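All values derive from a computational prediction rather than experimental measurement. Each chain gets a letter, A, B and so on, in the order the sequences are listed, and its residues count up from 1.
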Amino acid sequence: MASFSTAQPLSLPRHPTFSNPNQPTANNDRSSHTISLIDRCSNLRQLKQIHAQMVRTGLFSDPYSASKLFAISALSHFASLDYACKVFDQIPQPNSFTWNTLIRAYASGPDPLRSISVFLDMVSDSRFGPNKYTFPFLIKAAAEVSSLSLGQSLHGMAVKSAVGCDVFVANSLIHCYFSCGDLDSACKVFTTIQEKDVVSWNSMITGFVQKGSPDKALELFKKMESEDVKASHVTMVGVLSACAKTRNLEFGRRVCSYIEENRVNVNLTLANAMLDMYTKCGSIEDAKRLFDKMEERDNVTWTTMLDGYAILEDYEAAREVLNSMPKKDIVAWNALISAYEQNGKPNEALLVFHELQLQKNIKLNQITLVSTLSACAQVGALELGRWIHSYIKKHGIRLNFYVTSALIHMYSKCGDLEKAREVFSSVEKRDVFVWSAMIGGLAMHGCGNEALDMFYKMQEANVKPNGVTFTNVFCACSHSGLVDEAELLFKEMESSYGIVPQEKHYACIVDVLGRSGYLEKAVKFIEAMPIPPSASVWGALLGACKIHANLSLAERACTRLLELEPRNDGAHVLLSNIYAKSGKWESVSELRKHMRVTGLKKEPGCSSIEIDGTIHEFLSGDNEHPMCEKVYGKLNEVVESLKANGYEPEMSQVLQIIDEEEMKEQSLNLHSEKLAICYGLISTEAPKAIRVIKNLRVCGDCHSVAKLISQLYDREIIVRDRYRFHHFRNGQCSCNDFW
DNA sequence: GTAGGGTTAG
């Protein structure tokens with residue numbers, strides 16, 4: 001037998017006389033020799049040599065041999081679809097096998113739908129119809145592009161061709177229906193299979209895991225066991241993934257012991273699935289032990305470990321994993337960015353993003369952009385957010401639901417509601433997250449009625465609201481004083497929409513009622529709650545008490561809140577402010593003393609402003625910023641000119657015991673939002689809007705000052721505080737002083 | 001001589 005290395009050209013016997021496939025034995029020997037060579041090809045060049053030889057010897061006109069060559073050209077690891085098509089076109093009479101091979105090659109190629117056109121060609125150009133081998137390829141293509149209508153048509157055709165009950169066809173259909181999101185049809189197909197095999201079960205289990213029902217997957221696995229179907233590797237992977245998603249360490253451990261006890265051969269994918277289960281369930285020790293034992297590791301292994309440390313907020317270890325990776329890919333970078341972004345560390349996320357941009361040969365993908373946009377939204381990095389938006393346009397990145405929602409969210413949270421609206425209108429299809437993002441954007445900008453309109457339009461578009469949608473709608477009602485509307489929707493939430501209200505929804509309604517002054521009603525609402533009122537419910541009531549200066553109720557709400565969260569600094573500060581507002585300075589000082597003794601610190605006021613892509617932060621009373629002298633100079637100038645126009649500082653906003661009037665005024669001027677606005681006045685030119693983000697609620701005096709600056713300096717000022725946006729223009733604020 | 005199900009980042 002000839003042997004060849006990949007580097008050497010093949011040396012083939014020449015058979016110039018071979019022209020008839022039905023020729024005597026000597027030639028048949030040679031043909032089987034050639035076919036064995038085809039099987040041992042390791043690159044395209046060798047295959048082309050054999051192809052040429054077959055044409056020369058006439059062996060290519062033998063349908064079996066030609067099909068063999070074609071199959072390798074279309075399916076091997078060095079396959080080339082272009083070349084395979086040329087081979088196919090040379091085959092005089094392709095048989096059913098040849099057609100199926102071409103369909104298969106296209107179905108698993110970059111454009112799976114092309115397999116459908118090949119299928120149509122087969123039906124019209126040949127005497128062959130689809131058989132039980134054809135359908136799994138076609139159905140796989142339908143699954144790949146998630147086309148339910150295509151899947152359904154193929155299902156119908158398979159039934160007509162009498163192969164609808166074939167277990168391979170049925171299993172492909174289950175997978176296809178899951179990937180199109182039609183879980184009911186998948187289940188129906190499953191129940192109709194007479195002799196379910198392990199793949200039937202696996203398709204169901206992994207389908208449920210991937211579509212967000214890991215509990216159902218575990219249920220099915222138990223049923224599978226009770227029916228004595230032997231689990232395979234793929235079953236284990238699916239079940240471990242379900243354990244990871246449900247954080248079921250106990251069951252996950254049992255699966256791992258089963259694997260060990262039964263000496264199941266643990267391949268890389270299975271080991272990775274075990275690793276993922278351990279990390280997601282928070283057992284980094286088990287994960288590390290397994291990781292150290294693994295002989296082979298791929299990027300999934302490394303990224304799973306990285307994420308494991310990130311879950312425990314051990315960012316140093318996570319970073320260490322990224323650094324140790326032999327070949328870092330985009331998934332690993334994304335894992336670190338999103339870990340920071342989702343744990344309230346948006347600045348760190350942005351630093352990693354900037355570092356990623358310096359890497360060569362790593363292309364950003366949709367997930368990178370979604371995580372980074374979310375970080376931009378948190379810190380108010382509008383310029384970077386805009387840059388990402390133009391990157392998306394420039395690189396023709398598709399606006400899927402995730403990217404669309406992230407853009408809407410970023411623009412809304414960075415204060416550019418118009419851009420958020422533009423993105424929303426520019427897309428044809430919107431899912432519940434896209435609609436909810438837009439409703440949330442309108443809510444934080446105080447466009448309550450428009451948010452409600454959106455909520456109804458969403459339903460006209462046949463998109464069902466979820467819990468997040470309702471939170472955003474209630475938030476919109478709250479900022480616009482739409483009490484009746486919120487109450488009505490809250491009543492309908494469960495009865496008409498089938499969504500059980502969660503604690504955050506209760507807190508929203510308390511906020512709606514309280515803000516509008518219906519304090520007693522809010523109390524009654526809390527008393528009637530079917531679940532124990534959470535800290536956020538009492539916090540909402542307390543906030544309302546501050547607005548409406550209800551001291552006794554505030555004390556009650558605060559007591560309950562502190563029972564649940566004894567170290568809630570915001571509650572202490574709110575109560576102290578309420579005391580101050582009512583002139584109860586003794587209580588103020590008692591409370592402040594209590595905070596001092598217990599070491600509880602008020603979160604310092606902090607405002608930030610983005611100038612040329614850099615975020616500048618100002619703390620209240622800041623003297624850290626390199627420009628702070630100039631900023632204070634500007635502030636004095638501004639206050640003087642405002643005073644000349646009738647402004648009087650609101651001393652009632654000074655919520656500490658300060659006797660001297662002058663000191664009180666100074667303390668007001670230390671507020672971080674004033675510093676940031678003045679920095680904006682120094683560093684930017686009209687008509688550019690000044691955009692400031694504050695971590696706490698904006699104070700009343702700062703609110704008045706911002707209104708006056710917007711008029712006297714003819715500048716638009718946009719402030720995002722902890723709860724909402726304030727657009728200051730021509731001496732007015734978009735919140736109509738209701739916040 | 002042909003087939004179906006698998007792990008990481010939103």
Could you tell me whether A:Asn365 contacts a base, only the sugar-phosphate backbone, or nothing, with contacts defined as non-hydrogen atoms closer than 4.0 Å? base
Ranking B:dA3, B:dA9, B:dT2 by distance to the side chain of A:Ala335, first place goes to B:dA9
Is a side-chain N or O of A:Ser108 found less than 3.5 angstrom from the main chain of A:Arg104, in a donor-acceptor match? yes
Salt bridge (Lys or Arg N to Asp or Glu O under 4.0 Å) assessment of A:Lys288 paired with A:Asp292: CA-CA 6 Å; A:Lys288 186 72 173 51; A:Asp292 289 338; 3.1 Å; yes
Closest to side chain of A:Asn400, choosing from B:dG6, B:dG10, B:dT8: B:dG10
Using whole Å, what does the distance between atom P of nucleotide B:dA9 and atom CG of A:Leu369 come to? 18 Å
One pair to check against ring pair (Phe, Tyr, Trp, His ring centres under 6.0 Å): A:Phe178 and A:Phe208. What are the steps and the verdict? CA-CA 8 Å; A:Phe178 266 114; A:Phe208 276 125; 5.1 Å; yes
Would you indicate whether the side-chain heavy atoms of A:Met305 and A:Arg297 approach each other to under 4.5 Å? no
The nucleotide from B:dT2, B:dT7, B:dT8 with an atom nearest the side chain of A:Val237 is B:dT7
Of the listed nucleotides B:dG6, B:dT8, B:dA3, the one nearest the side chain of A:Lys132: B:dA3
Would you kindly check whether a donor in the side chain of A:Asn272 faces an acceptor in the base of B:dG6, or vice versa, at under 3.5 angstrom? no
Checking B:dT7, B:dG10, B:dT2 against the side chain of A:Phe97 (C-beta onward), the nearest is B:dT2
For a quick check of understanding: with a heavy-atom distance under 4.0 Å over all strands, which category does A:Thr98 fall into, base, sugar-phosphate or nothing? nothing
Ignoring hydrogens and angles, does a donor from either the side chain of A:Thr303 or the base of B:dT8 sit under 3.5 Å from an acceptor on the other? yes
Sugar-phosphate only, base, or nothing, as touched by A:Asp298 at under 4.0 Å among non-hydrogen atoms: nothing
For A:Tyr402 and B:dG10, are the ring centres under 5.5 Å apart with planes inclined under 30°? yes
Compare the minimum distances between each of B:dT8, B:dG6, B:dA3 and the side chain of A:Ser241, then state the nucleotide with the smallest one. B:dT8
Considering only heavy atoms, which members of residues 203-218 of chain A lie under 4.0 Å from some atom of DNA chain B? A:Ser203, A:Thr206, A:Gln210
Just to be sure I understand the rule, does A:Asn100 reach a base, reach only the sugar-phosphate, or reach nothing, if contact means heavy atoms closer than 4.0 Å? base
Phosphate-side-chain proximity, A:Ser338 and B:dG10, N/O vs OP1/OP2 below 4.0 Å: yes
Hey, is the main chain of A:Lys223 close enough, under 3.5 Å, to the side chain of A:Ser226 for a donor-acceptor pair? yes
For the side chain of A:Tyr64, starting at C-beta, report the closest nucleotide among B:dG10, B:dT7, B:dG1. B:dG1
Go through the steps for A:Lys86 and A:Asp89 under the test salt bridge (Lys or Arg N to Asp or Glu O under 4.0 Å), then give the verdict. CA-CA 5 Å; A:Lys86 281 182 196 142; A:Asp89 289 338; over 6 Å; no
The nucleotide from B:dA3, B:dG6, B:dG10 with an atom nearest the side chain of A:Phe137 is B:dA3
Length of the line joining A:Ile259:CD1 and B:dT7:P, which is rounded to integer Å: 14 Å
Does any N or O in the side chain of A:Asn343 come within less than 3.5 Å of the main-chain N or O of A:Lys345, such that one atom is a donor and the other an acceptor? no
Expressed as a whole number of angstroms, how long is the span from A:Leu373:CG to B:dG10:C1'? 11 Å
Mind calculating the distance between CG (A:Leu407) and P (B:dG10) to the nearest angstrom? 18 Å
Whole-Å distance, A:Asp62 CG to B:dG1 C1', equals 13 Å
Classify A:Lys68 by what it touches in the nucleic acid, base, sugar-phosphate, or nothing, heavy-atom distance under 4.0 Å. base
Contacts to DNA chain B from residues 181-201 of chain A, heavy-atom cutoff under 4.0 Å, which residues? A:Asp197, A:Val199
Nearest-Å distance for atom pair CE/P, residues A:Met294 and B:dT8: 13 Å
So A:Ser67, base contact, sugar-phosphate only, or nothing? Heavy-atom distance under 4.0 Å. base
Between A:Arg319 and A:Glu355, is there a salt bridge with N-O shorter than 4.0 Å? yes
Has A:Ser390 got a side-chain atom pairing as donor or acceptor with A:Arg386's backbone, closer than 3.5 angstrom? yes
Rounded to whole Å, how long is the line connecting atom CG of A:Leu268 with atom P of B:dG6? 16 Å
Selection from B:dT8, B:dT2, B:dG1 that lies nearest to any side-chain heavy atom of A:Tyr133: B:dT2
B:dG10, B:dA3, B:dG6: which one has an atom nearest the side-chain heavy atoms of A:Gln342? B:dG10
Mind checking whether A:Phe70 and A:Phe88 have parallel, tilted or perpendicular rings, split at 30° and 60°? tilted
Please state whether the phosphate of B:dA9, meaning OP1 or OP2, lies under 4.0 angstrom from any side-chain nitrogen or oxygen of A:Lys280. yes
Distance check: side-chain N/O of A:Gln366 vs OP1/OP2 of B:dG10, anything under 4.0 Å? no
Between C1' of B:dA9 and CH2 of A:Trp302, the distance in whole Å: 17 Å
Donor-acceptor contact below 3.5 Å, side chain A:Arg430 vs main chain A:Phe424: yes
Cation-pi check, A:Lys132 onto A:Phe168 ring (under 6.0 Å, within 45° of axis): no
